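Single-structure report; data block below.
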Amino acid sequence: MKAPAADQLRLLDLQAVDLSIDQLAHKKRTLPEHAEIEKTAASLGELRDELAGAESVVEGLDTKIRKLETEVEQVRAKAERDSQRMQSGAVGAKELERLQHEVDTLGARQSALEDDELVLMEERETADTVRSAVQSRFDTANEGLATLEVRRDTLETEIDADVAARTAEREPIAASIPEDLRALYEKLRASSGGIGAAALRARRCGGCRIELYGTALQEARSADEDEVLRCEECRRILVRTAESGL
């Protein structure tokens with residue numbers, strides 16, 4: 001392939017812009033915030049499960065306490081009715097004795113239920129403290145995640161703006177290069193790690209860093225100015241410069 005030396009030199013300008021765009025894309029993919037967000041999101045998921053468990057414990061204790069409160073109220077109401085009957089004077093001695101025994105039994109039952117309720121309320125207080133601590137950790141992690149996401153979005157926006165600027169810079173450079181030369185460059189860039197053209201400096205390929213010698217060196221020295229050279233090692237386009245050392 002042949003192309004004017006000036007067009008070949010513009011390949012290096014195009015390559016420089018493409019490399020900067022690739023570097024920006026790599027920077028966007030590898031922002032530290034991505035790993036931090038993933039780690040924080042995983043931690044947040046664990047805390048969400050822990051919080052659900054803590055809330056379940058509190059709710060379970062609340063249910064037991066409400067049940068005991070209802071039972072205490074029922075026992076208290078029954079004892080009051082019995083006491084009112086005893087004080088009415090409308091019952092005989094035998095019935096009075098039975099009612100007194102029932103009131104005493106209900107009183108003991110109420111006392112036991114209230115003791116159980118007190119234990120449950122203490123357990124509930126401890127469980128609520130645990131839940132509050134987990135909630136606090138969850139809220140802190142959630143706020144941290146939001147902060148990380150804002151920072152990531154800001155950095156990505158800045159990178160996207162840089163990419164847009166470099167892409168705009170690329171367009172006129174690419175348009176100034178002959179289509180066949182540009183097509184070869186694009187093909188090689190896609191198959192060679194993003195580098196399709198490299199400068200030849202001090203007889204060394206800027207792509208693979210291999211130095212030309214022997215026949216390859218002689219061919220490069222004798223090639224016409226408009227001949228498009230290829231590196232025998234990496235097959236990238238070799239662009240001759242004033243520093244080629246030929």
Side-chain angles (χ1 to χ4, degrees), residues 24-163:
L24 287 168
H26 176 75
K27 180 180 179 181
K28 183 176 180 179
R29 290 193 304 270
T30 59
L31 285 172
E33 284 71 18
H34 291 315
E36 292 179 39
I37 286 172
E38 185 176 351
K39 181 180 178 180
T40 303
S43 176
L44 198 60
E46 293 174 358
L47 285 170
R48 186 178 289 107
D49 293 341
E50 188 177 347
L51 181 59
E55 289 177 340
S56 178
V57 171
V58 172
E59 290 171 1
L61 289 169
D62 283 342
T63 298
K64 291 180 179 180
I65 290 171
R66 285 195 298 271
K67 183 178 179 181
L68 277 178
E69 287 175 341
T70 299
E71 195 170 349
V72 167
E73 184 57 35
Q74 290 173 343
V75 170
R76 181 185 295 115
K78 181 68 169 63
E80 287 179 356
R81 288 196 300 271
D82 287 349
S83 294
Q84 290 173 359
R85 287 189 62 194
M86 289 171 62
Q87 294 170 7
S88 69
V91 295
K94 188 174 182 180
E95 178 66 9
L96 186 63
E97 182 180 354
R98 186 190 67 78
L99 287 173
Q100 184 61 58
H101 176 71
E102 187 171 276
V103 167
D104 293 341
T105 301
L106 289 170
R109 175 61 177 161
Q110 180 178 332
S111 179
L113 288 172
E114 287 175 343
D115 288 343
D116 290 344
E117 184 180 356
L118 182 60
V119 171
L120 286 176
M121 289 178 70
E122 290 174 349
E123 290 181 10
R124 202 270 185 198
E125 184 177 352
T126 299
D128 191 51
T129 299
V130 172
R131 178 181 63 177
S132 296
V134 177
Q135 182 70 61
S136 178
R137 286 158 54 206
F138 177 86
D139 291 342
T140 298
N142 202 30
E143 290 171 5
L145 179 61
T147 299
L148 285 169
E149 289 175 338
V150 169
R151 191 161 73 220
R152 176 206 58 195
D153 292 346
T154 299
L155 291 171
E156 287 188 343
T157 298
E158 292 173 355
I159 292 172
D160 288 343
D162 289 342
V163 169

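From a predicted model like this one, the values you see are computed outputs, not experimental measurements.
In terms of the side-chain hydrogen bond (donor to acceptor under 3.5 Å, both in side chains) criterion, D116 has no residue partners (sequence neighbours excluded). Every residue two or more places apart in sequence or in another chain that forms a side chain to side chain contact (heavy atoms under 4.5 Å, CB included) with R85 is listed here: V91, E95, R98, L99. In this view, E71 and R109 satisfy the side-chain hydrogen bond (donor to acceptor under 3.5 Å, both in side chains) rule, not counting sequence neighbours. K78 pairs by the salt bridge (Lys or Arg N to Asp or Glu O under 4.0 Å) definition with D82, E102, not counting sequence neighbours. With sequence neighbours left out, the side-chain hydrogen bond (donor to acceptor under 3.5 Å, both in side chains) criterion links Q100 to D104. Listed by chain and number, the residues in a salt bridge (Lys or Arg N to Asp or Glu O under 4.0 Å) with E114 are R76 (sequence neighbours excluded). Legend: residues meeting side-chain hydrogen bond (donor to acceptor under 3.5 Å, both in side chains) with E117, ordered by chain and number and at least two apart, are absent.
In the displayed structure, E69 atom CD is contacted under 6.0 Å by more than 12 heavy atoms of other residues, nucleotides or ligands. Within 6.0 Å of NE2 on H101 lie no more than 12 heavy atoms contributed by other residues, nucleotides or ligands.
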Pair up each side-chain donor or acceptor in residues 148-158 with any protein partner under 3.5 Å, not counting sequence neighbours, and list the distances.
residue, atom, partner, partner atom, Å
R151, NE, E33, OE2, 3.0
R151, NH2, E36, OE1, 3.4
T154, OG1, V150, O, 2.9
T157, OG1, D153, O, 2.8

Can you give the donor-acceptor pairs under 3.5 Å from side chains of residues 60-68 to other protein atoms, not counting sequence neighbours?
residue, atom, partner, partner atom, Å
D62, OD1, R124, NE, 2.7
D62, OD2, R124, NH2, 3.2
T63, OG1, E59, O, 3.0
T63, OG1, R66, NH2, 3.4

For residues 45-54, please give each side-chain donor-acceptor pair under 3.5 Å, one per line with the distance, not counting sequence neighbours.
residue, atom, partner, partner atom, Å
E50, OE1, R137, NH2, 3.3
E50, OE2, R137, NH1, 3.3

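Atom CZ of F138 sits about 10.0 Å away from atom OG of S43, to the nearest 0.5 Å. Distance check: Q110 CD to E73 CD gives 8.5 Å after rounding to the nearest 0.5 Å. To the nearest 0.5 Å, atom CG of residue L145 and atom CD of residue E38 are 11.5 Å apart. Put simply, NE2 on H34 and OG1 on T30 are 7.5 Å apart, with the number rounded to the nearest 0.5 Å. Atom-to-atom distance recorded for D128:CG and M121:CE is 11.5 Å, nearest 0.5 angstrom.
The shortest distance between side-chain heavy atoms of I159 and L31 falls below 4.5 Å. Proximity of R131 to V134: side-chain heavy atoms (C-beta onward) are nowhere separated by under 4.5 Å.
The shortest heavy-atom contact between V103 and S83 is CG2-OG, 4.0 Å.
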